[in-house]
Number of protein chains: 2
Amino acid sequence: MAEPKKSKQEDYHLLDEQVERDVADLFKAFSNPTRIKILFALKHRKLTVSEISEMLSMSQSAISHQLHELKLARLVKFEKQGRKVIYELDDDHIHDIFDLAIEHVKELYHYD
Amino acid sequence: MAEPKKSKQEDYHLLDEQVERDVADLFKAFSNPTRIKILFALKHRKLTVSEISEMLSMSQSAISHQLHELKLARLVKFEKQGRKVIYELDDDHIHDIFDLAIEHVKELYHYD
DNA sequence: TGAATATATGAAGAATTTTTCATATATTAA
DNA sequence: TTAATATATGAAAAATTCTTCATATATTCA
């Protein structure tokens, strides 16, 4: 507080830069094949760490690390059930962004 | 052609895997701060390589390399005007995905 | 409490990605 | 044709990201 007052234009500029950084982080979180596979899997249903680990044939540790990234980016949330941790997609936006991306590549490459 | 016929379920599975790979590629193309800055800039208007290079204070070569990636992912298209090459976002989906991402982070972090 | 199970995490090595540097290609202008 | 300008590109160096390995933490069960 008590900061020198900025012009509206300057404010917008800073705001844009912040949005830009956050969008960059969002897409970075989306950007690795393992994380995409995890998100695809979670699009169908909630899963525990070990279930994901088995589905992707990857070590528990590798999956945990990636889930950590996804948590930081708020792409997934979780609840604990006993010693299990059940992950799911965080919110509808994630579904929406994903659906739009799927729609895009389907139009782009029109498979089959 | 003349491939062994697959069950529908198997087909869907392969299709999903292809979609998954393509979505992964799409997000990977979106995933680096420099590329995000380029795309943000192109969201406003078409730009030449050197304009982008100046705007981001990055070398012409670095920008060219990143534009190359963006071209491969079909996120940008270009037209030549003399010795200049003018880049723009490839299609509406790119705008849409971007807008959704912006909306998402704005809701998530509600700035100001 | 001790053993078993599920997940998390720090650090190091492996792998991938990005930038730089040098130089090539293409276009225009003199 | 030569010089100047804009962009592209291959290879190496720099930076970042991902996985593994070892181990820690947390929970349940006997």
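Within every chain, numbering begins at 1; the chains are lettered A, B, ... in the order of the sequence lines, protein sequences first and strands thereafter.
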A.B. asks: Which atom pairs, one a donor and one an acceptor, fall under 3.5 Å between side chains of residues 65-74 of chain B and the rest of the protein, sequence neighbours left out?
C.D. replies:
| unit_1 | atom_1 | unit_2 | atom_2 | d |
| --- | --- | --- | --- | --- |
| B:Gln66 | OE1 | B:Arg35 | NH1 | 2.7 |
| B:Lys71 | NZ | B:Tyr87 | OH | 3.3 |

A.B. asks: Base, sugar-phosphate or nothing for A:Phe78? Non-hydrogen atoms, less than 4.0 Å.
C.D. replies: nothing
A.B. asks: Roughly, in whole Å, what's the span from CD in A:Glu69 to C1' in C:dG10?
C.D. replies: 14 Å
A.B. asks: Near DNA chain C, counting only heavy atoms under 4.0 Å, which residues of residues 22-55 of chain A show up?
C.D. replies: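 Contacts with DNA chain C under 4.0 Å: A:Thr48, A:Val49, A:Ser50.
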A.B. asks: How close do A:Ser31 and B:Phe27 get, counting heavy atoms only, and between which atoms?
C.D. replies: CB-O, 3.8 Å
A.B. asks: First locate atom CZ of B:Arg21, then atom CD1 of A:Ile36, and finally report the distance between them rounded to the nearest 0.5 Å.
C.D. replies: 13.0 Å
A.B. asks: Rounded to whole angstrom units, what separation is found between the CD atom of A:Gln81 and the P atom of C:dA6?
C.D. replies: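 Rounded to the whole Å, the gap is 14 Å.
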A.B. asks: Would the base of D:dT17 count as contacting A:His65 through its side chain, where contact means a donor and an acceptor less than 3.5 Å apart?
C.D. replies: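 Flag unset: no donor-acceptor pair detected.
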A.B. asks: What is the separation between atom CD on A:Gln66 and atom C1' on D:dT20, rounded to the nearest whole Å?
C.D. replies: 13 Å
A.B. asks: Could you state the atom-to-atom distance from CG of A:Leu67 to C1' of C:dA8 in whole Å?
C.D. replies: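 It works out to 10 Å between those atoms.
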A.B. asks: Given that A:Arg83 and A:Ala62 both sit by DNA chain D, which one's nearest nucleotide is further toward the 5' end?
C.D. replies: A:Ala62
A.B. asks: Could you give the CD1-to-P distance, from B:Ile63 to C:dT18, as a whole number of Å?
C.D. replies: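 Those two atoms, CD1 and P, are 13 Å apart.
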A.B. asks: Search all heavy atoms of B:Leu89 against all heavy atoms of B:Lys43 and return the closest pair with its distance.
C.D. replies: CD1-CA, 4.1 Å
A.B. asks: Are any side-chain N or O atoms of A:Ser64 and backbone N or O atoms of A:Ser61, one a donor and one an acceptor, separated by less than 3.5 Å?
C.D. replies: no
A.B. asks: Expressed in angstrom and rounded to an integer, what is the separation of B:Leu72 atom CG from D:dT9 atom P?
C.D. replies: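 So the CG-P distance, B:Leu72 to D:dT9, works out to 10 Å.
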A.B. asks: Between A:Met58 and B:Lys71, which has a closest nucleotide on DNA chain D that is more 5'?
C.D. replies: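 In this pair, the answer is B:Lys71.
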A.B. asks: Stacking here means centres under 5.5 Å and planes under 30°; does A:His68 stack on C:dT9?
C.D. replies: no
A.B. asks: Which residues pass the ring pair (Phe, Tyr, Trp, His ring centres under 6.0 Å) test with A:Phe98, sequence neighbours left out?
C.D. replies: A:Phe30, A:Phe40
A.B. asks: Which atom pair, heavy atoms only, marks the closest approach of A:His104 to B:Ile97?
C.D. replies: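 Closest pair (atom of A:His104, atom of B:Ile97, distance): CB-CD1, 4.2 Å.
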A.B. asks: Check whether any side-chain N or O of B:Tyr87 sits under 4.0 Å from OP1 or OP2 of D:dA6, and answer yes or no.
C.D. replies: no
A.B. asks: Is a donor-acceptor pair below 3.5 Å formed from side chain B:Gln60 to base D:dA8, judging by atom type as modelled?
C.D. replies: yes
A.B. asks: Establish whether the base of D:dT7 is bridged to the side chain of B:Ser61 by a donor-acceptor pair shorter than 3.5 Å.
C.D. replies: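 Looking at the base of D:dT7, it does not pair with any donor or acceptor on the side chain of B:Ser61 (distance under 3.5 Å).
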